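To find a chain, count down the sequence lines: A is the first, B the second, and so on, and within it residues start at 1. Values in this document were obtained by computation on a predicted structure and should not be read as measured data.
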Amino acid sequence: MRRIALIDVNNFYVSCERVFQPRLEGVPVVVLSNNDGCVVARSAEVKALGVAMGMPWHKMQDIAKEHGILALSSNYTLYGDMSRRVMNVLAQFSPDQEVYSIDECFLDLTPQPHVEPTELGKTIRQRVRQWVGVPVSVGVGPTKTLAKLANHVAKKRTEWRGVCDLGTLAEPALDDLLGSIGVREVWGVGHRTEAKLLEQGIKTVADLRAMDAAAVRRGYSVVLERTVRELRGTACIALEDHAPNKQQIICSRSFGAPVYSVEELSESVRAYMSRAAEKMRRQGSIAGAIGLWIETNRFRPQDAQHHPAVTVSLPEATDDTLRLVAMATRLLRRIHRSGYRYVKAGVVLLELRERGVRQGSLFDTTPVLDSKRDRLMSVLDQASQKWGRGTIAPGSAGLAAPRAWAMKRGSMTPAYTTRWDELVTVKA
DNA sequence: TCTGGGGTCCTAGGACCC
DNA sequence: TCTGGGGTCCTAGGACCC
């Protein structure tokens with residue numbers, strides 16, 4: 001029997017902010033998405049008020065005022081750095097770690113049969129709290145799906161004190177527990193599948209676990225069939241200890257203010273494509289195709305709507321920002337129509353493959369190893385790493401002066417951990 | 001006035017081939 | 001009179017995740 005642990009940080013973004021602003025402790029706090037649009041993290045106090053994940057901030061002004069909810073703009077530089085610290089601490093507890101998202105990871109405990117999971121969980125909680133400053137919950141089970149579920153129990157049922165090992169429960173007790181949890185809490189069951197299950201009278205995790213796997217495959221999908229098997233303790237989802245390269249890379253943003261002209265749109269598209277290309281080079285890939293789209297505001301029925309999108313194959317796969325930006329700009333002119341009030345743009349790099357296997361085009365005159373271009377790209381990446389994104393970008397992709405499309409971030413905390421001039425000062 | 005951003009996997013259906 | 005069927009590839013869209 002495998003033993004898998006799933007560790008995640010409670011209210012991750014809020015907890016990160018509280019490390020550097022202890023006065024936020026006990027205060028209802030939310031962290032907002034880009035452009036301060038909607039809620040992406042809530043403190044326990046806010047959850048208790050019934051504020052849902054993803055709620056638009058402008059729609060909750062009344063409740064915010066009434067309860068003194070404090071809103072912060074998201075500070076992804078800070079969260080990324082804190083995440084790295086948490087993952088480094090957790091890696092000490094098992095060599096088999098899968099970093100699953102910014103705030104959670106799986107650890108395989110199977111090769112350490114002498115370790116008692118609940119004791120280990122307590123140690124993990126204590127150490128991450130002391131070394132990084134954030135609270136975590138620990139769930140343990142024989143499959144990833146059960147570890148996720150155990151983590152849910154650890155967090156929601158106070159009697160478990162933040163650590164739940166389902167392996168400690170005998171079958172009747174386990175069935176009781178699963179019978180008290182709604183099917184929606186299962187990893188892989190979204191609101192659509194939940195609705196369909198409820199129609200069939202499948203309400204709890206115990207109900208779902210008892211379903212016939214073949215019938216689930218026929219009536220739902222192979223995905224849900226795997227979930228059912230995992231709930232019964234049969235591993236169907238492997239632990240992936242090194243992250244595979246991305247198959248596609250997207251960069252898209254809503255604008256801080258509406259944009260009409262192709263020139264302004266073009267600036268944002270150049271910036272997004274530069275960013276996407278940088279990410280792609282970091283994983284050593286080249287793109288065989290690209291996509292681009294722009295959008296008007298779907299939430300304003302009084303606006304004329306236009307949501308054009310286009311994807312094209314490139315004559316030759318490349319990781320060259322200049323070529324990619326040039327192509328994206330050309331595509332933009334093709335799909336843009338004047339008179340529309342655009343609020344968002346995005347680019348995507350597709351058909352990614354390893355740089356080493358790039359194929360020269362029959363008609364292309366540049367050598368496959370274009371060392372001058374490569375050196376230029378590498379300078380671009382180093383500058384971006386050292387001085388921040390957008391320091392250098394082709395065709396002045398949105399520098400210096402504030403642009404309408406630039407993100408709105410009304411109340412962002414400093415880069416406490418990544419800039420010397422924004423470190424916290426401790427007074428004696 | 002104000003509604004995130006970045007991913008994965010699976011399936012159905014169309015185009016095309018022999 | 002009788003008008004196929006199996007395979008592959010691609011794309012769009014759905015569902016889900018954090």
Side-chain angles (χ1 to χ4, degrees), chain A residues 6 8-13 30-42 51-62 64 71 73-76 79-80 83 98-106 144-145 148 151-152 183-197 217-218 220-227 236-238 240 243-258 272 275-276 279-280 283 288-289 291 293 295-303 309-313 341 343-352 404 407-410:
Chain A
L6 186 272
D8 76 350
V9 182
N10 305 342
N11 318 323
F12 181 54
Y13 298 168
V30 296
V31 173
L32 303 177
S33 63
N34 286 337
N35 291 311
D36 297 340
C38 52
V39 171
V40 291
R42 305 155 293 161
V51 172
M53 181 76 169
M55 187 178 282
W57 175 237
H58 71 91
K59 277 193 180 168
M60 46 179 285
Q61 291 310 299
D62 291 348
S73 304
S74 38
N75 184 345
Y76 283 105
Y79 311 148
S83 171
E98 176 189 348
V99 176
Y100 177 67
S101 77
I102 192 164
D103 77 324
E104 64 189 299
C105 77
F106 293 98
K144 287 168 91 173
T145 303
K148 282 281 250 182
N151 180 278
H152 167 82
V183 82
R184 182 61 217 270
E185 304 304 332
V186 174
W187 189 37
V189 177
H191 77 277
R192 301 271 170 154
T193 305
E194 180 197 26
K196 197 166 160 186
L197 286 168
R217 186 184 202 125
R218 267 183 274 113
Y220 295 81
S221 64
V222 298
V223 180
L224 194 66
E225 183 199 12
R226 277 203 285 265
T227 299
C236 303
I237 306 171
E240 292 175 23
N245 278 347
K246 304 274 184 245
Q247 300 177 35
Q248 56 179 56
I249 292 172
I250 294 176
C251 184
S252 82
R253 296 275 186 285
S254 297
F255 305 138
Y272 302 164
R275 173 86 189 105
K279 281 198 250 178
M280 177 170 64
Q283 70 168 33
W293 67 94
E295 297 175 24
T296 49
N297 191 340
R298 296 166 195 269
F299 298 99
R300 285 169 56 100
Q302 68 270 37
D303 281 9
V310 60
T311 62
V312 292
S313 296
R341 186 178 183 277
V343 297
K344 185 175 182 176
V347 301
V348 56
L349 299 171
L350 299 158
E351 287 174 27
L352 301 193
M407 219 188 284
K408 257 191 316 203
R409 293 199 285 202

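For A/Gln283 (side chain) and A/Lys246 (main-chain N/O), a donor-acceptor pair under 3.5 Å exists by modelled atom type. Here the side chain of A/Arg42 pairs no donor or acceptor atom with the backbone of A/Asn11 at under 3.5 angstrom.
Look at CG on A/Asn297: it is 11 Å from P on B/dT1, rounded to the nearest Å. At whole-Å resolution of the value, OH in A/Tyr76 and C1' in C/dC18 are 10 Å apart. Rounding to whole angstrom units, CD of residue A/Gln248 and C1' of B/dC9 are separated by 11 Å. One can place CG of A/Leu224 at 13 Å from P of C/dA15, the figure rounded to the nearest angstrom. In this structure, CG of A/Asp62 is placed 18 Å from P of B/dC2, rounded to the nearest angstrom. Across the protein-nucleic acid pair, A/His152 atom NE2 and C/dC18 atom P stand 12 Å apart, rounded to whole Å. What separates CG of A/Asn151 from P of C/dC18 is a distance of 10 Å, to the nearest Å. In this structure, CE of A/Met407 is placed 16 Å from C1' of B/dT3, rounded to the nearest angstrom.
Within the structure, every side-chain polar atom (N or O) of A/Arg300 is placed at least 4.0 Å from both OP1 and OP2 of B/dT3. Side-chain nitrogen and oxygen atoms of A/Lys144 include none within less than 4.0 Å of the OP1 or OP2 phosphate oxygen of C/dC17. A sub-4.0 Å separation between OP1 or OP2 of B/dG4 and a side-chain N or O of A/Ser74 is absent. Contact annotation: A/Lys344 side-chain N/O to B/dG5 OP1/OP2 distance is under 4.0 Å. Contact between the side-chain N/O atoms of A/Arg253 and the OP1/OP2 oxygens of B/dG5 is not found at any separation under 4.0 Å. Neither OP1 nor OP2 of B/dC2 sits under 4.0 Å from any side-chain N or O of A/Gln61. Applying the 4.0 Å criterion to OP1 and OP2 of C/dC18, one finds that A/Lys148 has a side-chain N or O inside that range. For A/Arg184 and C/dC17, the shortest distance from a side-chain N or O to OP1 or OP2 is below 4.0 Å. For B/dT11, the OP1/OP2 oxygens have no side-chain nitrogen or oxygen of A/Ser221 closer than 4.0 Å. Side-chain N/O atoms of A/Ser254 include one lying less than 4.0 angstrom from OP1 or OP2 on B/dG5.
In terms of heavy atoms, A/His58 sits closest to A/Gln61 at O-CG, 3.6 Å.
Comparing the same atom, P, in B/dT3 and in C/dC18 gives a spacing of 25 Å after rounding to whole Å.
Side-chain contact between A/Tyr13 and A/Ile102 is present, with heavy atoms from C-beta onward closer than 4.5 Å. With a 4.5 Å cut-off on side-chain heavy atoms, A/Lys279 and A/Arg275 count as touching. Looking at A/Tyr76 and A/Asn34, their side chains come closer than 4.5 Å, going by heavy atoms from C-beta outward.
Separating the CG atom in A/Leu6 from the CH2 atom in A/Trp187 is a distance of 8.0 Å, to the nearest 0.5 Å.
The side chain of A/Arg192 has C/dA15 as its nearest neighbour among B/dT3, B/dC2, C/dA15. Of the candidates B/dG6, B/dC2, B/dT3, B/dG6 carries the atom nearest the A/Ser252 side chain, counting heavy atoms from C-beta on. Considering only the side chain of A/Thr193, C/dA15 comes nearest among C/dA15, B/dT11, B/dG6. You'll find that the side chain of A/Lys246 is closest to B/dG7, out of C/dC18, B/dG7, B/dG5. When distances run from any side-chain atom of A/Trp187 to the nucleotides C/dC17, B/dT3, B/dC10, the shortest one goes to C/dC17. Nearest to the side chain of A/Lys59, among B/dC10, B/dG5, B/dT3, sits B/dT3. Closest approach to the A/Arg226 side chain among B/dC10, B/dT1, C/dC16 is made by B/dC10 (side chain taken as heavy atoms from C-beta onward). Comparing B/dT3, B/dG4, C/dC18 by their nearest atom to the side chain of A/Ser101 picks out C/dC18.
Nucleic acid contact class of A/Ile249 (heavy atoms, under 4.0 Å, all strands): sugar-phosphate only. Counting any heavy atom pair closer than 4.0 Å across all strands shown, A/Arg409 reaches no nucleic acid atom. The residue A/Val348 sits apart from the nucleic acid: no heavy atom pair falls under 4.0 Å. The residue A/Asp36 sits apart from the nucleic acid: no heavy atom pair falls under 4.0 Å.
Stacking between A/Tyr100 and C/dC18 is absent: the ring centroid is not both under 5.5 Å from the six-membered base ring centre and under 30° in plane angle.
Note: A/Phe106 and A/Tyr100 have perpendicular aromatic rings, judged against thresholds of 30 and 60 degrees for the angle between ring planes.
Place A/Asn34 and A/Val223 on DNA chain B by their nearest nucleotides, and A/Asn34 ends up nearer the 5' end.
In a base pair of the Watson-Crick type (N1 to N3 plus N6-O4 or O6-N4) or a G-U wobble (N1-O2 and O6-N3), with each distance short of 3.5 Å, B/dA12 is matched with C/dT11.
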